[in-house]
Amino acid sequence: MKVLITGAGGFVGRNLEEYFSGKHEIFAATHADLDLLDDSAVKNYIEENQIEFIIHCASYGGSRKSNYDEKNDNVVEQNLRMFFNLERCLTPNMRMVYLGSGAEYDRLHWSHKMSEEYFDTYVPADSYGYAKYLISKYIEQTDNIVCLRIFGLFGKYEDYRFKFISNAIVKNLLKMPITINQNVVFDYLYIGDFVKLVKYMIGNKPKEKHYNITPTQSIDLVTIAEIINEISDFKSKIIVLYEGMNREYSGDNNKLLSEVGNFQFTEYVKSIEELYQYYSSIFDTLDVEIIKNDLFISKCLKR
């Protein structure tokens with residue numbers, strides 16, 4: 001099958017390209033290869049390469065790296081244009097996997113293990129969540145697009161400068177303290193599990209339009225730091241700047257499990273250990289100074 005992966009230069013896209021290479025004919029498009037905001041370019045690319053399936057990973061905004069879009073007024077338009085430039089090219093024989101987000105449930109009203117039915121209880125106040133919300137509303141009316149709502153996702157190739165698990169591992173390797181702005185419970189899904197779930201969605205016609213792509217077991221940031229210390233010979237000091245717990249970010253995965261069956265999620269200890277070994281192997285290539293300066297800690301949201 002000829003599969004287009006958008007956002008192939010990013011964390012998720014790189015892992016998907018690596019996993020599916022050899023399984024399908026992969027067209028891994030970065031922004032340099034294809035401007036998703038250009039409707040004509042998208043149409044020509046899909047037709048010329050006879051694309052049969054699209055995994056839409058590319059997105060704008062919504063992260064600490066961009067200070068949660070403080071200076072970007074075009075997040076909604078950019079995300080909508082990318083999606084609809086792809087959607088309009090789908091033929092009845094084509095399908096798309098779209099990567100949504102738990103932000104669709106509105107971060108101001110997150111609650112414990114939100115189900116898909118919680119969607120549209122609130123309209124997200126932030127631009128990124130609102131864009132994802134609008135796209136999900138549209139997907140409700142389609143037959144050939146499935147939305148995979150991601151909460152926490154971690155693994156190799158993520159931006160270790162600010163993504164918590166990778167950042168904490170690198171700090172431990174540097175024999176630094178692991179600093180947490182405020183403890184919080186997350187549903188962190190390992191990238192090795194995520195790519196297998198996408199494989200299922202390609203090989204099967206899903207019954208539902210939206211799925212929370214989350215592990216069954218949640219985990220808090222302090223526990224993650226403690227696991228890293230257990231794995232390592234060096235025990236980093238764990239510093240929590242603000243007391244109490246931030247708003248939990250977790251989703252109910254019952255609908256997902258009813259679809260894919262007895263899926264075995266990788267245990268946190270095993271997945272974090274695999275990631276620790278990865279960073280140990282590429283340690284000499286890391287930007288040590290930016291980790292020492294810890295520029296992104298101040299961008300964390302606290303409750």
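Everything quoted here is computed from the prediction, not taken from an experiment.
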Query raised in the report: Where do Arg81 and Asp39 land on the salt bridge (Lys or Arg N to Asp or Glu O under 4.0 Å) test, with the steps shown first?
Result: CA-CA 8 Å; Arg81 283 192 179 279; Asp39 58 339; over 6 Å; no
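- Side-chain atoms of Asp33 come within 3.5 Å of backbone atoms of Thr30 as a donor-acceptor pair (strictly under, hydrogens ignored).
- Take Asp193 and apply the side-chain hydrogen bond (donor to acceptor under 3.5 Å, both in side chains) test, not counting sequence neighbours, and it matches Thr266.
- The main-chain N or O of Gly251 is found under 3.5 Å from a side-chain atom of Thr214 such that the two form a donor-acceptor pair.
- Every residue meeting the side-chain contact (heavy atoms from CB on, under 4.5 Å) condition with Asn254, not counting sequence neighbours, appears here in chain and number order: Asp252.
- Sorted by first then second residue, the ring-ring contact (aromatic ring centres under 6.0 Å, His included) pairs that include residues 255-277, not counting sequence neighbours, are Phe263-Phe265.
- At least one donor-acceptor pair closer than 3.5 Å links the side chain of Asp159 to the backbone N or O of Arg161.
- The environment of Glu117 atom CD is dense: over 12 non-hydrogen atoms of other residues, nucleotides or ligands sit within 6.0 angstrom.
- The CE atom of Met96 sits 4.5 Å away from the CG atom of Leu90 when rounded to the nearest 0.5 Å.
- For the pair Ala29 and Leu4, the tightest heavy-atom approach, listed with the atom from each and the gap, is CB-CD1, 3.8 Å.
- The shortest distance between side-chain heavy atoms of Thr216 and Leu257 falls below 4.5 Å.
- Under the side-chain contact (heavy atoms from CB on, under 4.5 Å) criterion, Thr142 pairs with Tyr138, Ile139, Asn144, Ile145, sequence neighbours left out.
- Applying the salt bridge (Lys or Arg N to Asp or Glu O under 4.0 Å) test to pairs two or more places apart or on separate chains, none has a residue in residues 221-236.
- Residues Ser115 and Asn212 bring no donor and acceptor atom of their side chains to less than 3.5 Å of each other.
- Applying the ring pair (Phe, Tyr, Trp, His ring centres under 6.0 Å) test to His112 and every residue at least two apart in sequence or in another chain returns nothing.
- Contact between Tyr249 and Ser101 at its shortest, heavy atoms only, is OH-OG, 3.6 Å.
- Counting only heavy atoms from C-beta outward, the side chains of Asp38 and Val42 never approach each other to under 4.5 Å.
- Considering only residues two or more places apart in sequence or on other chains, Tyr122 meets the ring pair (Phe, Tyr, Trp, His ring centres under 6.0 Å) condition with His109.
- Within 6.0 Å of NZ in Lys2 there are more than 12 heavy atoms belonging to other residues, nucleotides or ligands.
- Between the CD atom of Glu17 and the CD1 atom of Ile26 there is a distance of 7.5 Å, given to the nearest 0.5 Å.
- Tyr211 places none of its side-chain heavy atoms less than 4.5 Å from the side chain of Leu197.
- For the salt bridge (Lys or Arg N to Asp or Glu O under 4.0 Å) condition, no pair includes a residue of residues 84-95, sequence neighbours left out.
- Minimum heavy-atom separation, Leu108 to Ala125: CD1-CB, 3.9 Å.
- Taking the six-membered ring wherever Trp is involved, the centroid distance between the rings of Phe11 and Tyr157 does not fall below 6.0 Å.
- Here CD1 of Ile227 is found 4.0 Å from CD1 of Ile272. Values are rounded to the nearest 0.5 Å.
- Residues Thr179 and Asp294 form a side-chain contact, since some pair of their non-hydrogen atoms from C-beta on lies under 4.5 Å apart.
- Shown here are the ring pair (Phe, Tyr, Trp, His ring centres under 6.0 Å) partners of Tyr278, two or more places apart in sequence or in another chain: there are none.
- Applying the side-chain hydrogen bond (donor to acceptor under 3.5 Å, both in side chains) definition to pairs two or more places apart or across chains, those involving residues 196-208 are Tyr200-Glu259.
- Annotation: side-chain hydrogen bond (donor to acceptor under 3.5 Å, both in side chains) contacts of Gln264 (sequence neighbours excluded): Asn262.
- Cys57 and Ile5 make their closest contact through SG-CG2, 4.1 Å (heavy atoms, listed as atom of the first residue, atom of the second, distance).
- Tyr133 and Asp120 share a donor-acceptor pair across their side chains, judged by distance under 3.5 Å alone.
- When every heavy atom of Thr6 is checked against every heavy atom of Ala58, the shortest pair comes out as OG1-N, 3.2 Å.
- With contacts defined as side-chain heavy-atom distances shorter than 4.5 Å, the pair Asn172/Asn229 qualifies.
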With a 3.5 Å cut-off and sequence neighbours excluded, list the donor-acceptor pairs that the side chains of residues 149-156 form with protein atoms.
residue	atom	partner	partner atom	Å
Arg149	NE	Glu104	OE1	2.7
Arg149	NH1	Tyr105	OH	3.1
Arg149	NH2	Glu104	OE1	3.2
Arg149	NH2	Ser136	OG	3.4
Lys156	NZ	Glu18	OE2	2.6

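- For the pair Ile291 and Tyr160, the minimum side-chain heavy-atom distance is below 4.5 Å.
- Nearest heavy-atom pair, Ala225 versus Ile238, reported as atom, atom and distance to 0.1 Å: CB-CD1, 3.6 Å.
- Taking 4.5 Å as the limit, every side-chain heavy atom of Glu274 sits out of range of all side-chain heavy atoms of Gln277.
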